[in-house]
Each structure stands twice: as structure tokens, then as C-alpha cells.
A.B. asks: 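Below is the structure I would like to discuss, written out as C-alpha cells.
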Amino acid sequence: ALKRFLAEVGRRTRMDAGQTMTSHQVKYKPTAVGQTMNYFSPIEFTNAMETAKSDLVNEVGDINEFVRGELAYETIDDLSNALGPEQIEAVAFAIREMKAGKGFVLGDETGVGKGRVVASMLRWGRLNGRVPVFVSHSNLLYSDMVRDLVGIGEDITDPSRILVTNEDSINLEVPEFINVPAETTGKLKGRRVWKTPDQKNILKKLVNQEKADIGDFDYVFTTYYQLQKKDGKIALRHKLLDKIINNSILILDESHQAGG
């Protein structure tokens with residue numbers, strides 16, 4: 001019996017991984033318009049998902065047009081170049097919840113493009129006068145988010161628009177920073193490296209100013225480790241986040257890592 005059970009699990013896993021129609025999943029049909037990403041969803045979720053999308057349309061109207069307006073794309077084609085229909089729907093749901101003062105959990109599987117959905121919400125926060133705060137479990141993922149921001153049309157050619165809370169400069173290759181000269185020596189020779197200049201003084205200035213914003217920066221990038229106190233001490237980054245939090249949109253990337 002155990003062998004039969006393991007064989008069945010293996011069969012279903014292989015079929016699911018290959019995105020093949022099974023008795024447990026069906027091809028997902030987006031309500032948003034665009035080049036579908038051809039993903040499947042659990043068959044048990046179908047009715048609930050269709051009801052949720054119907055409710056969304058009744059509330060916001062055409063999903064593509066709603067997201068286009070909220071993300072300030074000039075045309076539907078511009079939106080479609082940045083996001084697939086599955087991503088557009090996720091963004092629409094997230095924006096609706098944010099406008100209602102609620103949170104939103106994005107639980108799509110690997111490969112559906114959660115990064116661009118997250119980048120879209122960072123863009124939405126910036127456009128709506130919020131401070132977009134991106135939190136992940138490693139600064140190595142910062143460059144991935146930069147790539148997704150560039151992918152949705154954000155004009156990021158150097159790190160001057162992103163405030164990083166890490167105390168040390170981050171020697172992290174970001175090919176998208178086309179305005180950053182390539183390193184001329186060392187192990188990173190020929191690569192565009194992200195370095196955070198004068199970070200301590202920048203944080204001090206923002207903490208001490210009257211406004212609860214991040215000045216000329218558009219985004220804050222930090223990690224769960226950075227949010228922790230070291231030896232019980234409150235650092236400048238903690239003071240800044242505490243100051244801006246009521247006017248922020250907080251993106252918790254890899255949130256399952258937040259508990260340590």
C-alpha cells in the first residue's frame with residue numbers, strides 16, 4: 001500500500017510540475033486581457049477564484065483599465081508589456097485591499113512572476129505618496145527587485161533612488177544600473193556594483209527632519225535582520241522606519257523567513 005501511495009504521489013508531482021491537466025488542477029483562465037502565462041490552478045479553487053474576480057470587476061470595472069490607471073501607464077499596451085494577465089489580476093486585488101486599509105498575501109507558485117507584482121505595488125506606493133519599503137531576508141535579493149522594477153518600466157539607472165538601510169556598502173552586482181561605471185580592479189572587475197555612499201549621515205538627516213519621508217529617495221530596501229535590534233540598541237534605521245511607517249507601504253518578501 002505504501003509503494004502504491006508513493007508511486008501515485010510521484011506521478012501527480014511529475015504531472016503537476018509539467019503543468020499537465022489532471023483531476024486535481026485545471027488551466028487557469030484570466031479575466032484580465034493579455035498574453036496568458038498558461039498556468040494551472042487547483043480544481044477545488046476554481047469557483048472561489050471566479051467569484052472573487054467577478055466581485056472585483058463589479059467593484060473596479062475593467063481590470064486592465066483599473067490597473068493601467070492606478071500604475072499610471074499611458075496605454076494598455078504599456079501595461080501588457082510590463083505584466084501578464086495573471087499578474088495584472090494580482091495587482092488589482094492588492095490595490096483594492098490597500099485602498100481599503102488592508103493587507104494582501106500573494107501566494108503564487110514559483111515562476112508566475114511574483115517579483116513584478118511586488119514591484120508594481122512599490123510603484124503604486126510611490127505614485128500615491130506612500131513610502132515604499134521592501135523587506136527581504138537577504139540583501140542578495142535587492143538586485144532581483146531592481147530588475148523587476150526596471151522590468152515594469154521604473155526608471156532606475158543607478159542606486160541613487162533607493163535608500164538601503166544596511167550599515168556597510170553593498171558590493172552587489174546590478175547590471176540594470178547602467179549609469180554606474182564598471183569596476184576597474186579586483187574580483188568584480190568589469191561589473192556594475194552597488195555601493196551606498198554616506199548612508200549613516202543620510203539616515204541621520206532623514207530622522208531629524210520634520211517631514212516623515214525619505215527625501216529624494218523613492219524606495220527603502222531593508223532585511224528582516226536589519227529590523228532586529230543589536231544588543232537591544234535602537235539604530236538610526238529603526239528610528240527612520242518608525243517615523244515613516246504610518247505613511248508606508250510595507251512589502252514583506254519571503255515572509256516565511258520573517259520569524260528567523
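Each residue takes its place number in the sequence, starting with 1. Bear in mind the structure is a predicted one, so any value in this text is a computation, not a measurement.
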A.B. asks: Evaluate the ring planes of Y142 and F134, with Trp represented by its six-membered ring, and classify them as parallel (under 30°), tilted (30 to 60°) or perpendicular (over 60°).
C.D. replies: perpendicular

A.B. asks: Between atom CG of L203 and atom CG of L163, what is the distance when rounded to the nearest 0.5 Å?
C.D. replies: 5.5 Å

A.B. asks: Is it true that the side chains of D158 and S160 contain a donor and an acceptor less than 3.5 Å apart?
C.D. replies: yes

A.B. asks: Check for me, please, whether I156 and I178 land in the same ILVMFWY cluster - side-chain distances under 4.5 Å, paths through other members count.
C.D. replies: no

A.B. asks: Calculate, to the nearest 0.5 Å, the distance between atoms CZ and CZ belonging to R126 and F217 respectively.
C.D. replies: 15.0 Å

A.B. asks: Check step by step if side chain to side chain contact (heavy atoms under 4.5 Å, CB included) holds for I95 and E97.
C.D. replies: CA-CA 5 Å; I95 291 175; E97 297 306 300; over 6 Å; no

A.B. asks: Show the numbers, then the answer: is there a side chain to side chain contact (heavy atoms under 4.5 Å, CB included) between D213 and I244?
C.D. replies: CA-CA 6 Å; D213 62 21; I244 65 176; 5.7 Å; no

A.B. asks: Any link between L241 and F221 through a network of hydrophobic side chains (Ile, Leu, Val, Met, Phe, Trp, Tyr) touching at under 4.5 Å?
C.D. replies: no

A.B. asks: Hey, any chance L252 and W124 share a hydrophobic cluster, counting ILVMFWY side chains that come within less than 4.5 Å of each other, even indirectly?
C.D. replies: no

A.B. asks: Between E254 and S136, do the side chains contain an N or O donor and an N or O acceptor separated by less than 3.5 Å?
C.D. replies: no

A.B. asks: Is L71 reachable from V33 through a run of hydrophobic residues whose side-chain heavy atoms are each under 4.5 Å from the next?
C.D. replies: no

A.B. asks: Measure the shortest side-chain to side-chain distance between Q209 and K243 over non-hydrogen atoms and say whether it is less than 4.5 angstrom.
C.D. replies: yes

A.B. asks: What do the steps show when you test K53 against F93 for side chain to side chain contact (heavy atoms under 4.5 Å, CB included), and what is the final call?
C.D. replies: CA-CA 9 Å; K53 288 191 293 181; F93 277 116; 4.0 Å; yes

A.B. asks: Scan side-chain atoms only and decide if D253 and Y224 contain a donor-acceptor pair under the 3.5 Å cut-off.
C.D. replies: no

A.B. asks: Donor-acceptor pair, R161 side chain versus D155 backbone, under 3.5 Å?
C.D. replies: yes

A.B. asks: Considering only NZ, NE, NH1 and NH2 on the basic side and carboxylate oxygens on the acidic side, decide whether R192 and E173 come within less than 4.0 Å.
C.D. replies: no

A.B. asks: Which distance, rounded to the nearest 0.5 Å, do you find between the CD of Q226 and the OG1 of T165?
C.D. replies: 4.0 Å

A.B. asks: Between F66 and R96, is there a cation-pi geometry (under 6.0 Å to ring centre, at most 45° from the normal)?
C.D. replies: no

A.B. asks: Passes side chain to side chain contact (heavy atoms under 4.5 Å, CB included), E89 versus Y28? Steps please.
C.D. replies: CA-CA 12 Å; E89 290 177 354; Y28 180 70; 2.3 Å; yes

A.B. asks: Do L149 and M98 share a hydrophobic cluster (ILVMFWY, side-chain heavy atoms under 4.5 Å, transitive)?
C.D. replies: yes

A.B. asks: In terms of side-chain geometry, is the basic nitrogen of K239 or D242 positioned less than 4.0 Å from the acidic oxygen of its partner?
C.D. replies: no

A.B. asks: Please confirm whether the backbone N or O of T185 pairs with a side-chain atom of E183, one donor and one acceptor, at under 3.5 Å?
C.D. replies: no

A.B. asks: Does G113 offer a backbone N or O that forms a donor-acceptor pair with the side chain of Q87 under 3.5 Å?
C.D. replies: yes

A.B. asks: About how many Å separate CE of M121 and CD of E70, when rounded to the nearest 0.5 Å?
C.D. replies: 9.0 Å

A.B. asks: To the nearest 0.5 Å, tell me how far K230 NZ sits from Y225 OH.
C.D. replies: 5.5 Å

A.B. asks: Do V146 and Y219 come within less than 4.5 Å of each other through their side chains, counting heavy atoms only?
C.D. replies: no

A.B. asks: Taking the side chain as every heavy atom from C-beta outward, state whether V131 and I249 have any pair of such atoms under 4.5 Å apart.
C.D. replies: no

A.B. asks: Roughly how far, to the nearest 0.5 Å, is the NZ atom of K229 from the NE2 atom of H238?
C.D. replies: 7.5 Å

A.B. asks: Does N47 CG have over 12 foreign heavy atoms under 6.0 Å away?
C.D. replies: no

A.B. asks: Consider only side-chain N and O atoms of D78 and N81, and report whether a donor and an acceptor are under 3.5 Å apart.
C.D. replies: no

A.B. asks: Going by distance alone, is a donor N or O of one side chain under 3.5 Å from an acceptor N or O of the other, for Q35 and S80?
C.D. replies: no

A.B. asks: Taking atom CG of N201 as the centre, does the number of heavy atoms from other residues, nucleotides or ligands within less than 6.0 Å exceed 12?
C.D. replies: yes

A.B. asks: Taking the side chain as C-beta and beyond, is there a heavy-atom pair between P132 and I251 under 4.5 Å?
C.D. replies: no

